[in-house]
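Computed over heavy atoms, backbone and side chain alike; hydrogens, waters and symmetry mates excluded.
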Amino acid sequence: MRTGAIAYWQGEYYQSRADKNGVSLLDYIHALFGLMVQTPAKRVLMIGCAGGSLATMLTRDSRKIMTVDVNPQAFAIARRYFALPDSVECRVVDGLEYLRATRRTFDAIVLDAFHGGYLPEELISDAFFALARKRLRKSGAIFVNVHVVNGNQAADQVAARMAESFSVVRILDRPAKKIRNAIVMGGAVRDLKRPKLAMAPRIESRKIADVLAAMRFRPRKRRLD
């Protein structure tokens with residue numbers, strides 16, 4: 001592309017879109033990054049890699065990143081086209097299976113893994129969040145990217161399951177949009193503020209900043225249809 005932007009698609013869905021330096025051009029990635037940089041998290045587990053833009057950005061912010069993904073091609077694409085640093089540890093494994101098998105602990109876990117536009121059910125199950133809680137250090141936090149379509153209750157459903165294992169759960173959302181990404185987070189997230197653009201890409205930075213400014217924390221719905 002003339003702008004230097006690069007995009008990674010699977011079917012009709014964006015997996016990643018970044019500038020030529022590997023900085024994301026997707027607003028929800030900047031929302032996640034803007035939340036993460038408010039935390040002291042140094043060791044971060046990312047479930048779902050795609051182009052690895054968030055891992056690249058967090059590494060540049062001196063965080064130590066491990067990514068797991070069931071698709072080995074994602075890692076090759078991320079390193080070749082999206083500037084994923086060699087220091088990012090990559091493993092081809094299902095996220096839930098990794099949590100079951102590992103004894104490592106992390107300061108933060110980020111879940112951004114989709115199949116056909118939806119989070120796999122096993123990755124938003126009660127069992128998943130219970131395991132994630134065990135793999136987080138005492139002051140740790142979990143962040144989940146949720147795709148919301150036409151007013152569905154996906155974010156609230158994830159939040160309800162997360163609340164079974166985490167006493168503090170928050171939703172960052174843009175309810176005025178019918179199709180959007182919301183961030184559901186739990187753990188040491190009580191004091192986090194609405195994220196601002198913390199690492200500007202070479203292009204489209206104003207557009208991303210405007211989206212972040214429109215996002216708000218909202219209460220989760222206690223009654224789900």
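With a 4.5 Å cut-off on side-chain heavy atoms, Lys207 and Asp27 do not count as touching. With a 4.5 Å cut-off on side-chain heavy atoms, Leu58 and Phe33 count as touching. For the pair Ile47/Phe128, a side-chain contact is recorded, criterion being any heavy-atom separation below 4.5 Å from C-beta on. Residues Pro195 and His30 form no side-chain contact, since every pair of their non-hydrogen atoms from C-beta on lies 4.5 Å or further apart. Within the 4.5 Å cutoff, the side chain of Arg218 has no heavy atoms near those of the Arg170 side chain. You'll find the side chain of Asn21 reaches within 4.5 Å of the side chain of Arg60, heavy atoms only. Side chains of Leu119 and Val144 form a contact here, defined as non-hydrogen atoms less than 4.5 Å apart. The shortest side-chain heavy-atom distance between Met57 and Met36 does not fall under the 4.5 Å cut-off.
A search for side chain to side chain contact (heavy atoms under 4.5 Å, CB included) contacts involving Ala78 returns Cys49, Leu84, not counting sequence neighbours. Remark: Glu97 engages Arg100 in a salt bridge (charged side-chain N to carboxylate O under 4.0 Å, His left out) (not counting sequence neighbours).
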Does Ile183 form a side-chain contact (heavy atoms from CB on, under 4.5 Å) with Asn145? I'd like the steps, not just the answer. CA-CA 5 Å; Ile183 310 300; Asn145 173 42; 4.0 Å; yes

Using the rule given for side-chain contact (heavy atoms from CB on, under 4.5 Å), can you reason through Val37 versus Arg63, listing the C-alpha separation, both sets of side-chain angles and the distance that settles it, and then say yes or no? CA-CA 9 Å; Val37 297; Arg63 318 288 172 133; 4.1 Å; yes

Criterion side-chain contact (heavy atoms from CB on, under 4.5 Å) on Met162 and Arg220, from CA distance to verdict: CA-CA 11 Å; Met162 187 183 289; Arg220 67 182 178 92; over 6 Å; no

Could you go through the side-chain contact (heavy atoms from CB on, under 4.5 Å) check for Ser87 and Thr59 one step at a time? CA-CA 8 Å; Ser87 61; Thr59 299; 3.6 Å; yes

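Residue-environment remark: CZ (Arg104) exceeds the threshold of 12 foreign heavy atoms within 6.0 Å.
Exactly one residue among Leu45, Val88, Val110 makes a side-chain contact (heavy atoms from CB on, under 4.5 Å) with Ile65. That residue is Val88.
With hydrogens and angles ignored, the 3.5 Å screen pairs a side-chain donor or acceptor of Thr56 with a backbone N or O of Gly52. Side-chain N or O atoms of Arg190 include none that pairs as donor or acceptor with a backbone N or O of Gly187 at under 3.5 Å. Within the 3.5 Å criterion, the main-chain N or O of Leu99 finds a donor-acceptor partner in the side chain of Arg135. Remark: side-chain polar atoms of Arg180 are not paired, donor with acceptor, to backbone N or O of Val149 under 3.5 angstrom. The backbone N or O of Pro201 lies less than 3.5 Å from no partner atom in the side chain of Asp19, so there is not a single donor-acceptor pair.
No chain of hydrophobic side-chain contacts below 4.5 Å, direct or via other Ile, Leu, Val, Met, Phe, Trp or Tyr residues, connects Val146 to Val211. Val70 and Ile77 sit in two unconnected hydrophobic clusters of ILVMFWY residues. Membership requires side-chain heavy atoms under 4.5 Å apart, directly or through other members. Under a hydrophobic clustering in which Ile, Leu, Val, Met, Phe, Trp and Tyr are joined whenever their side-chain heavy atoms come within less than 4.5 Å, directly or via other members, Ile29 and Met199 fall into the same cluster. There is no path of hydrophobic side-chain contacts, each under 4.5 Å, that joins Tyr98 to Val92. Under the 4.5 Å side-chain heavy-atom criterion for grouping Ile, Leu, Val, Met, Phe, Trp and Tyr, Ile124 is connected to Phe114 within one hydrophobic cluster.
Pairing each heavy atom of Met215 with each of Asn181, the nearest pair is CE-O, 3.9 Å. The two residues Ser139 and Ala188 come nearest to each other via the heavy atoms O-CB, 3.4 Å. Across all their heavy atoms, Leu35 and Leu172 have their closest contact at CD1-CD2, 4.1 Å. Looking at every heavy atom in both residues, Ala50 comes nearest to Asp69 through N-OD2, 3.7 Å.
Note on Arg161 versus Glu121: salt bridge recorded, some NZ/NE/NH1/NH2 to OD/OE distance being below 4.0 Å. For the pair Lys42 and Asp107, the salt-bridge criterion is not met [side-chain N within less than 4.0 Å of a carboxylate O].
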